[in-house]
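Both ligands and their constituent atoms are indexed starting at 1 by order of listing. Values reported hereafter were calculated over all heavy atoms of this structure, with side chains retained and with hydrogens, waters and symmetry mates removed.
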Amino acid sequence: MSESRRLPRERQQPVTVDVDGMPVACFAGETIATVLLADGVTAFATRGGEPRQPLCNMGTCFDCSVVVDGIPLTRACLTPVADGMSIRTGQGD
Ligand code: FES
């Protein structure tokens, strides 16, 4: 019988980010996409009025774009959270 193996999981330090004006507790090293999905965010951005969420999770589709500290088109799937970071969702055309 084989045993499944898992990599050790050690979370980094707790941090708080601002998501659309609300504080969200998370851990350093997590991506913005991870934090938003865990927080129940359903529209990272909009395109043609349609809500968008992460699709590729590797930085090519931009469906996870959010505004981070005033910088638009930040890919949530590639960007780790940092304490005090301001994240704005629902931006788009
Ligand atoms: S999910 Fe495709 S770029 Fe982030």
Side-chain angles (χ1 to χ4, degrees):
M1 178 154 88
S2 67
E3 266 185 53
S4 65
R5 291 185 167 190
R6 291 181 175 240
L7 295 172
R9 239 187 292 170
E10 294 179 20
R11 290 196 187 254
Q12 296 180 28
Q13 72 273 13
V15 296
T16 302
V17 295
D18 175 312
V19 178
D20 297 329
M22 299 295 293
V24 174
C26 50
F27 293 90
E30 295 178 332
T31 65
I32 294 172
T34 298
V35 171
L36 294 182
L37 289 170
D39 196 46
V41 174
T42 56
F44 283 43
T46 59
R47 190 173 301 154
E50 295 294 321
R52 311 303 297 181
Q53 280 193 324
L55 177 65
C56 71
N57 284 308
M58 59 183 194
T60 59
C61 74
F62 281 76
D63 277 356
C64 65
S65 297
V66 291
V67 178
V68 175
D69 293 333
I71 301 171
L73 293 176
T74 302
R75 289 170 289 180
C77 68
L78 298 180
T79 308
V81 293
D83 196 36
M85 178 181 270
S86 168
I87 302 166
R88 297 292 174 262
T89 65
Q91 308 291 310
D93 54 349

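The proximity of L55 to ligand 1, defined as any non-hydrogen pair under 4.0 Å, is limited to the backbone.
Taking backbone and side-chain atoms together, C77 has no N/O/S atom less than 2.8 Å away from atom 2 (Fe) of ligand 1. For residue C56, an N/O/S atom approaches atom 2 (Fe) of ligand 1 to within less than 2.8 Å.
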**Request:** Begin with the C-alpha distance, continue with both residues' side-chain angles, and end with the deciding distance and a verdict on side chain to side chain contact (heavy atoms under 4.5 Å, CB included) for R88 and D20.
**Result:** CA-CA 5 Å; R88 297 292 174 262; D20 297 329; 3.7 Å; yes
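Each of the atoms 1 (S), 3 (S), 4 (Fe) of ligand 1 lies under 4.0 Å from some heavy atom of C64. Within ligand 1, counting atoms from 1 as listed, the ones closer than 4.0 Å to a heavy atom of C61 are 1 (S), 2 (Fe), 3 (S). Contact atoms of ligand 1 toward G59: 3 (S) (distance under 4.0 Å to a heavy atom of the residue). Distances below 4.0 Å separate heavy atoms of T60 from the following atoms of ligand 1: 3 (S). When each atom of ligand 1 is checked for a heavy atom of F62 under 4.0 Å away, the hits are 2 (Fe), 3 (S).
Here the options are V41, I87, V81, the test is side chain to side chain contact (heavy atoms under 4.5 Å, CB included), and the partner is V35; only V81 passes.
The CD1 atom of I32 sits 10.0 Å away from the OG1 atom of T34 when rounded to the nearest 0.5 Å.
Nearest heavy-atom pair, M58 versus C77, reported as atom, atom and distance to 0.1 Å: N-SG, 3.9 Å.
Within the 4.5 Å cutoff, the side chain of D69 has heavy atoms near those of the M85 side chain. A heavy-atom distance below 4.5 Å is not found between the side chains of F44 and S65. Annotation: side chain of V19 is in contact with side chain of V17 (closest heavy-atom distance under 4.5 Å).
At the top of the distance list for atom 1 (S) of ligand 1, counting protein heavy atoms only, stands N57 N, 3.2 Å.
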